[in-house]
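Read through the structure below, which is laid out as structure tokens, and then see the notes.
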Amino acid sequence: MDFTITTPLYYVNDKPHLGSTYTTIACDAIARFHRLEGDNVIFITGVDEHGQKIERSAKKSNKSPQEYCDSITQSYLNLWDRWSITYDSFIRTTSTHHCSLVYEFYQRVSESGDIYLGKQQGWYCVGCEEYKDEGPNEISPSCPIHKTNLEWRNEENLFFRLSKYQKQIEEIVSRPGFIRPQSRRKEINNFVSQGLKDFSISRVNLEWGLPVPGYTGHTFYVWFDALLGYLSALNRNTLPVDLNQLKDKGWPTNVHVIGKDILRFHSVYWPAMLLSAGLDLPNSIFGHGFLTREGQKMGKTIGNILDPLELLNDYGADPIRWYLLKDIEFGVDGDFQQNRFKDLINNDLANTIGNLVNRTTTMSRKWFNNAVPTFTMNSEDTSQLCTDCLATIKCVREAMYDYDLKKSSTAILELAVKSNAFLSASEPWTRIKDIMNKELVAYELYSVLESIRIIGFLLLPLLPDLGMKILNQLGITSIPITWKNNLKWGLLAKGSLLPSPNPIFNKIL
RNA sequence: GUCAGUGUAGCUCAGCUGGUUAGAGCACAGCAUUCAUAACGCUGAGGUCGAGAGUUCAAGUCUCUCCACUGACACCA
């Protein structure tokens, strides 16, 4: 089965920030999960490189827009590389094949009769770069933010006939599971029910964009450019573009993961555009929350921005991934707190999971010739730990299919807690003193090792490095492409050698 | 302003259709302890459930009012 997932195409107006890193990490975890499930995953990310802000930023740094884009885009690529993001396709909206696709798409929408020339009128604030709500009868209104006079603009733009799709969009938006999390659905429903208005898809005062064929001076406006990047990413470099072939390349996506701020464009504009072009619709749109830091919005003016590259250098990928995926519910706003971060990481990764691996392998090596204990058992294992493991596997998989990363991580951690409790209850270190108990101790330690093995596998999508280290401690060094045959009880080879214990995770300070 | 959502222990949150002393994890305190990364385990302290009023035998859970924060209210990504 194909599984296609996208991050937004990030606006290269500025250096990558933690927000885009968060989205990308979440998508990476989901993508890794589906690969292990055996799906043919296409994980798309990329950059949106057109627009006035970029033009301006470029000017500020004395570069041409293209040079500017090149440098910021490179920093995205570097960042994803450093974070070991396993994307399959990276799309730039300045690439020539993207341009061809936009034309092809435009052609189709045009043929559907959904493009027309209209006027964009209104009071415009140059500072905000946007039209204000003031009515046409106002006399010299001013911008509440900039306190400057608004100018009346009467601009010729191409429009997309969104209003034509009112009925269909209403139906699509109310499909269960289309907009996630559910809590955001009402918002969009509300918006749609107010009546959809056509929106403009071209600009005349914007140089840095794709020129609209047949309309000199017009360039495509953001949503008729950036959104199409998802299609270009699948089309790769194939020319000429054939939109009909997208079906074989992974379209439609299973999910567009985006920040909640651009939910409307993805759940309303985008489906309408796709309908017009005769293409299938994405299965779902997932709008996640925003991150704050110590309760405050992150921003340049406050100077409290967390730089993803610095975080990575300071702590490594796994701790940050764990914090973002386990402590913050995917879809809800989250807060990054240094203290909480430290406590959570040390507790979960070092004390609970790390120590579990360490103590168990140490005991096994000590009493069973540096190897996984051997014992005989003639009936099927129905121990509590075995049951717990199977339940955890089920829970984790279901949660991941539902994009519930928090639930999934929590379930894995709970298995580690249960395994620790199991050791405390069975006290192998006491029992082993009586040689008669050796068989029982062997069985119990084996159970815990087995549980650790399952924890290691289940952790692979969320914390790829730590998951691998755990498996290494069990002497497992190669990971199969899918885990279907590994997520079962009793697969750890009895008597196989265990490497000498090495803390898999060191506490952070 | 209109609409929606949130407000429960220091922190992050559970609490479905109202029903005995309001829960979990972390942080904190004590006990115990080596198999282990002073880790694990056990116990404990911590809340007038945003405020006020009302319905009810009974409300964190329903109604109303108010307060605080967040989001949406169309072309900023």
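Proteins get letters first, then strands, A, B, ... in listed order; numbering begins at 1 in each.
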Practice item. Would you please name every residue forming a ring-ring contact (aromatic ring centres under 6.0 Å, His included) with Y323(A), sequence neighbours left out? Key: F336(A), F341(A)
**Study point:** N/O (side chain, Y221(A)) to phosphate O (OP1/OP2, A77(B)) under 4.0 Å
**Key:** yes
Exercise for review: Kindly check if the number of other-residue, nucleotide or ligand heavy atoms within 6.0 Å of CG (N369(A)) is above 12?
Suggested key: no
Review point. Picking from C40(B), A36(B), U12(B), which would you name as closest to the side chain of N347(A)?
Key: C40(B)
Practice item. Please state whether the phosphate of A27(B), meaning OP1 or OP2, lies under 4.0 angstrom from any side-chain nitrogen or oxygen of N346(A). Key: no
Point to revise | Donor/acceptor link under 3.5 angstrom from N355(A) side chain onto base of A36(B) | key: yes
Point to revise | Atom pair distance, as rounded to whole Å: CG in L445(A) and C1' in C35(B) | key: 9 Å
Exercise for review: Measure the distance from NZ on K186(A) to C1' on U6(B) and round it to the nearest whole Å.
Suggested key: 13 Å
Practice item. Rounded to the nearest angstrom, tell me the gap between atom CD in Q52(A) and atom C1' in C75(B). Key: 13 Å
Practice item. Could you tell me the separation between the CZ atom of F265(A) and the P atom of C75(B), rounded to a whole number of Å? Key: 8 Å
Practice item. Write down the distance separating the C1' atoms in U17(B) and G52(B), rounded off to the nearest Å. Key: 27 Å
Practice item. Would you kindly give the CZ-to-P distance between R293(A) and C11(B), to the nearest whole Å? Key: 19 Å
Review point. Between A74(B) atom C1' and E187(A) atom CD, what is the distance in whole Å?
Key: 13 Å
**Study point:** Whole-Å gap separating P (A27(B)) and CG (N339(A))
**Key:** 11 Å
Practice item. Report the nucleotide, chosen from A14(B), U37(B), G25(B), that has the shortest atom-to-atom distance to any side-chain atom of E329(A). Key: A14(B)
Point to revise | Atom-pair distance (CD on E427(A); P on U34(B)), nearest Å | key: 10 Å
Point to revise | Sugar-phosphate only, base, or nothing, as touched by D48(A) at under 4.0 Å among non-hydrogen atoms | key: sugar-phosphate
Review point. Nearest 0.5 Å, what's the NZ-CG distance between K507(A) and N346(A)?
Key: 6.0 Å
Point to revise | Ring-on-base stacking C75(B) with F199(A) (under 5.5 Å, under 30°) | key: no
